[in-house]
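Written out below as structure tokens is the structure these notes cover.
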Amino acid sequence: MSPRLVRALALPLLLGACAANGDFGRLKPGLVADDIHAWVGRDAARAVGAPISAYPLTDEERTLRDLGYPLIELPFDRARWYAIINEYGVSHHFGYPVFTLEEYSVKLMDRHYRSATARYFQLNTDIRNDVVRIPDFFMTASRVLDLDRKRAEAFHFVSGLTPPEAANANARIAENQLVVGWVQRSLVERSEAYCFALQRLVIATPAPMAVEVERSLTLLNTRIAENRLITTGQFAPPVASCGAQVAGGPVVSK
């Protein structure tokens, strides 16, 4: 592990979470390395037993991973003291944590709030943050996938292409697809978790703000449905819909 990375990981432990995080839950610039999220492609490939490319990341591929990470990280892990460790992938070197549907709801309900409405506000904020992040990620993803298609076509015109060169190029193409698919799956899982949490809030602490949260969740599901670039494979399940009906009737589950 490089001295810079050691310093980056140690700093928030010494100074606290506020020192490590800036606006919108992002790490402060001084703690961010160029390839901080390079592990996202590595873990996506490992999850399906695919080879990992030895090629360096392009600017677009790096941006893809940077924009994708906040959409696969659990919302409640943002702005925590250990956030920087997660950002660098150190805390899950041997695999990314398995997502559980109830986890978000449990953390939302267990965390102390002075007002029950504050839980609705937190839920709505997390949903809206995802909605805001989606366009930039998928615009970048479209560019990366388009460049990869051109890269694959270029195989026929490259003189003296060696097997290792072809293997690394194909591995990177697969990695990029898996990263996009991973984000798509994560968004579906997050939507389901938000829905689950909303249903529990409506039962535990009914509040008018439930209607606003449901609208935000509907918008999130619309954005998910509009951005399905990868439609096959382990990381691309069907788009989910929320079963919480709080605007026009009781809470129901499909």
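If you read the sequence from its start, that first residue is 1, and numbering goes on from there.
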dist K107:NZ -> E102:CD (nearest 0.5 Å) comes out at 13.0 Å
Check: Heavy atoms, side chains only, cut-off 4.5 Å: are L220 and I134 in contact?
Finding: yes
Notebook entry, point to check: Taking it one step at a time, do E165 and F155 satisfy side-chain contact (heavy atoms from CB on, under 4.5 Å)?
Noted result: CA-CA 10 Å; E165 288 175 331; F155 285 0; over 6 Å; no
On a heavy-atom basis, the closest approach of R62 and L57 is NH2-O, 3.7 Å
query: Should E175 and R172 count as an ion pair when the cut-off is N to O under 4.0 Å?
result: yes
Nearest heavy-atom contact between I52 and A171 is C-CB, 4.2 Å
*Please determine, by modelled atom types, if R151 and N170 share a side-chain donor-acceptor pair under 3.5 angstrom.*
no
Donor-acceptor pair, distance only, cut-off 3.5 Å: does the side chain of S53 make one with the backbone of N168? yes
Requested in this report: Group every Ile, Leu, Val, Met, Phe, Trp and Tyr by side-chain heavy-atom contacts under 4.5 Å, then state whether V131 and L71 land in the same group.
Outcome: yes
Distance col, row N221:CG vs S216:OG, nearest 0.5 angstrom, shows 11.0 Å
Exercise for the section: Before accepting this row, confirm whether a basic side-chain N of the pair D146/R143 lies closer than 4.0 Å to the acidic partner's carboxylate O. Expected result: no
d(T218 OG1, I127 CD1) to nearest 0.5 Å is 9.0 Å
Exercise for review: Establish whether I173 and Y55 are linked, either directly or via other cluster members, by ILVMFWY side-chain heavy-atom contacts under 4.5 Å.
Suggested key: no
d(N176 CG, T140 OG1) to nearest 0.5 Å is 11.5 Å
Query raised in the report: Taking the side chain from N124 and the backbone from Y120, do they hold a donor-acceptor pair closer than 3.5 Å?
Result: no
Between the CG atom in L201 and the CE atom in M109, the distance rounded to the nearest 0.5 Å is 5.5 Å
E61 backbone acceptor or donor facing R65 side chain under 3.5 Å: yes
R133 bridged to E73 by N-O distance under 4.0 Å: no
Q.
Between L219 and M209, is there shared hydrophobic-cluster membership here, with clusters defined by ILVMFWY side-chain heavy atoms closer than 4.5 Å?
A. yes
Between S191 and L187, is there a donor-acceptor pair closer than 3.5 Å when you use the side chain of the first and the backbone of the second? no
Notebook entry, point to check: Which class fits the ring pair H37 and Y69: parallel under 30°, tilted 30 to 60°, perpendicular over 60°?
Noted result: parallel
Heavy-atom nearest pair, A50 first then L178, reads CB-CD1, 4.5 Å
| Donor-acceptor contact below 3.5 Å, side chain S186 vs main chain W182 | no
Closest non-hydrogen atoms of V179 and G41, given as atom of the first, atom of the second and distance, are CG2-CA, 3.6 Å
Could you check if a side-chain atom of E226 sits within less than 4.5 angstrom of a side-chain atom of F138, using non-hydrogen atoms only? no
Minimal heavy-atom distance between F196 and L101, with the atoms involved, is CD1-CD2, 3.9 Å
Taking R119 for the side chain and L108 for the main chain, is one N or O donor matched with an acceptor at less than 3.5 Å?
yes
TODO: Report yes if the side chains of I230 and L145 come closer than 4.5 Å at any heavy-atom pair, otherwise no.
DONE: yes
key: Basic-acidic side-chain contact under 4.0 Å: R215, E212   = no
Report task. Check whether L67 and L229 end up in the same hydrophobic cluster, where Ile, Leu, Val, Met, Phe, Trp and Tyr are linked by side-chain heavy atoms less than 4.5 Å apart. Result -> yes
Looking only at heavy atoms, the pair that brings Y113 and A118 closest together is CD2-CB, 3.5 Å
CZ (F137) and CG (N227) are apart, to the nearest 0.5 Å, by 9.5 Å
